Novice: 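The structure's right below; bear with me while I get my questions together.
Note that the structure is a prediction, hence the values are computed from the model and not measured.
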Amino acid sequence: MEGDRPPEEPPAGPAAEPDGAAETGAAQAGAAQAGVAQAEPDGAAETGAAQAGAAQAGVAQAEPGGGAQAGRRRRDLLLSLPALIVTTAVVGIVSWGVTRLTDGADSLTRDTPPPATVSVETNPRKVGAFGDLEIRGVLPEGATPATGPGKGCTGFHDWLVANAGTDAGESRLQVTVQGNAERQVQIANLRVVVVSREDPPPSVGVSCPTAGQANLRFLTIDLDSPQPRATYTSEDGAPFGFTVESGEIETFLISAKTERALYQWYLELDLVSGDKHTTVRVDNGGKNFRTAPVPATPLWSWDFQSRWVDISSGRTRAVGDRLVPPAPGGEATP
């Protein structure tokens, strides 16, 4: 019955705020009007204020509840910066040290002289043992040297080289090794290195005659051999191998021969002093030695004074004349 129906409950109104909610609500409302993300109910007023300041500064806000994790990231970043700086500094110092050590080693290698000084004489007439032997060479065909070799044969080889000439048939040279180390230096080996082998170009042969014969003991090289090597022959059959003390001198006479081709070559001398092994290049003042075969045609022979003589015919040429190979019949080719 209507009389028995309970009275209707009034419409539900807004839920009551918890204790102290009035102040929090007011703060949240102010922050919302300022465009600041609200903190969770567990956050304090200070958190909201900090978030508002960060938002105004344009800094991305952490997700709710991520404040502690963000703090840890900032702390780790701050702690890692000194480590990064120290690591960079250490790497830099190590790199600098390695560079200095490398430069020092290179400088030491460059500044350390070999245990012996090696010198070369390529003019046979300046070598006593070769002094009386004939010197033969070739000049480019048609050469017209303006001067002659001078009196005698002392200047013949230097004149030959100055006029683009080459040793013919044989190159004779003297290699001198002088010890300059505190301890004994062993001269262990002498090698031949052939740089090139070519067909000889058209040339004319010239010579400075011998004044006699000489019996020599030295190293010989057959450049026409497939593997040229310096061959040493001693009276007692001893193998190659010598020693020099500081200031002592050892002299080697070397003869390199060819009948077939124009060669460019040099020597390598192995020196041993204590546990230090050194290889010294032996060449003609930084250039290769050059040796060509003797031409098949007769040679022009220097008369020690002022003229060239074809020994086979007696025909002569004056200094400054064009030099061409003498014809076999005694007439010079044009």
Side-chain angles (χ1 to χ4, degrees), residues 122-125 127 130-150 152-173 192 194-214 220-226 228 254-266 284 287-334:
T122 58
N123 185 345
R125 280 302 166 98
V127 179
F130 296 137
D132 293 330
L133 299 180
E134 179 185 17
I135 304 174
R136 294 180 294 180
V138 290
L139 294 172
E141 185 174 323
T144 56
T147 62
C153 289
T154 302
F156 185 89
H157 188 269
D158 294 339
W159 170 88
L160 179 71
V161 174
N163 286 277
T166 302
D167 295 335
E170 182 178 12
S171 289
R172 302 187 187 104
L173 53 122
V192 183
V194 174
V195 177
S196 66
R197 181 183 190 274
E198 308 170 27
D199 292 334
S203 58
V204 55
V206 293
S207 73
C208 198
T210 179
Q213 297 292 327
T220 58
I221 301 169
D222 180 6
L223 293 173
D224 294 327
S225 171
I254 298 171
S255 169
K257 298 182 179 181
T258 177
E259 297 178 355
R260 301 177 185 174
L262 169 62
Y263 291 92
Q264 294 193 49
W265 56 281
Y266 63 91
N284 189 13
K287 299 179 181 179
N288 298 321
F289 300 118
R290 291 168 56 89
T291 310
V294 177
T297 57
L299 280 64
W300 290 105
S301 181
W302 183 241
D303 70 352
F304 303 133
Q305 297 294 327
S306 62
R307 301 189 68 82
W308 297 101
V309 181
D310 174 10
I311 302 299
S312 63
S313 65
R315 183 182 176 91
T316 65
R317 287 288 176 96
V319 172
D321 288 349
R322 183 171 180 265
L323 292 177
V324 294
E331 293 294 330
T333 56

Novice: Mark yes or no for whether N123, through its side chain, and T154, through its backbone, hold a donor-acceptor pair below 3.5 Å.
Specialist: yes
Novice: At their closest point, which heavy atom of T291 faces which heavy atom of S171, and how far apart are they?
Specialist: OG1-OG, 2.6 Å
Novice: Using the rule given for side chain to side chain contact (heavy atoms under 4.5 Å, CB included), can you reason through L139 versus W300, listing the C-alpha separation, both sets of side-chain angles and the distance that settles it, and then say yes or no?
Specialist: CA-CA 11 Å; L139 294 172; W300 290 105; over 6 Å; no
Novice: Applying side chain to side chain contact (heavy atoms under 4.5 Å, CB included), name anything that partners N284, two or more places apart in sequence or on another chain.
Specialist: T122, F289
Novice: Residues in ring pair (Phe, Tyr, Trp, His ring centres under 6.0 Å) with W302, at least two apart?
Specialist: W308
Novice: Could you list all the side-chain hydrogen bond (donor to acceptor under 3.5 Å, both in side chains) pairs where at least one residue sits in residues 255-264, not counting sequence neighbours?
Specialist: E170-S255, R197-Y263, D224-T258, D224-Y263, Q264-N288
Novice: With sequence neighbours excluded, tell me which residues meet side-chain hydrogen bond (donor to acceptor under 3.5 Å, both in side chains) with D303.
Specialist: none
Novice: Just jot down the side-chain hydrogen bond (donor to acceptor under 3.5 Å, both in side chains) partners of D158, sequence neighbours excluded, or say none.
Specialist: none
Novice: Are T297 and V204 close enough that some pair of their side-chain heavy atoms sits under 4.5 Å apart?
Specialist: no
Novice: Return the minimal non-hydrogen interatomic distance between L173 and W265, and the atom names on each side.
Specialist: CD2-CH2, 3.8 Å
Novice: Looking at G152 and C208, what are the two nearest heavy atoms and their distance?
Specialist: O-SG, 4.0 Å
Novice: Just do the side chain to side chain contact (heavy atoms under 4.5 Å, CB included) check on I221 and L223 with the steps written out, would you?
Specialist: CA-CA 6 Å; I221 301 169; L223 293 173; 3.8 Å; yes
Novice: Check step by step if side chain to side chain contact (heavy atoms under 4.5 Å, CB included) holds for I135 and R125.
Specialist: CA-CA 9 Å; I135 304 174; R125 280 302 166 98; 3.5 Å; yes
Novice: Restricting to side-chain hydrogen bond (donor to acceptor under 3.5 Å, both in side chains), what partner residues turn up for S203, sequence neighbours left out?
Specialist: none
Novice: Do P149 and F304 touch side chain to side chain, with heavy atoms closer than 4.5 Å?
Specialist: no
Novice: Taking side chain to side chain contact (heavy atoms under 4.5 Å, CB included) as the definition, give me every residue that meets it alongside L299, ordered by chain and number, with sequence neighbours left out.
Specialist: R136, S207, V294
Novice: Distance-only, no hydrogens or angles: does the R322 side chain make a donor-acceptor pair with backbone N or O of P145 under 3.5 Å?
Specialist: no
Novice: Report yes if the side chains of P124 and F156 come closer than 4.5 Å at any heavy-atom pair, otherwise no.
Specialist: no
Novice: Check C153 against P209 and note the closest heavy-atom contact, atom names and distance.
Specialist: SG-O, 4.1 Å
Novice: Between P293 and P200, which heavy-atom pair has the shortest distance, and what is it?
Specialist: CG-CG, 3.8 Å
Novice: Sequence neighbours left out, what passes side-chain hydrogen bond (donor to acceptor under 3.5 Å, both in side chains) with W159? Give chain and number order.
Specialist: none
Novice: Mind listing the closest non-hydrogen atom pair of F130 and I254 along with its distance?
Specialist: CZ-O, 4.1 Å
Novice: Can you list everything that forms a side chain to side chain contact (heavy atoms under 4.5 Å, CB included) with A318? Sequence neighbours excluded, please.
Specialist: R307, D321
Novice: For T166, what residues pass the side chain to side chain contact (heavy atoms under 4.5 Å, CB included) criterion, not counting sequence neighbours?
Specialist: V138, L262, R290, A292
Novice: Is any side-chain heavy atom of H157 closer than 4.5 Å to a side-chain heavy atom of D167?
Specialist: yes
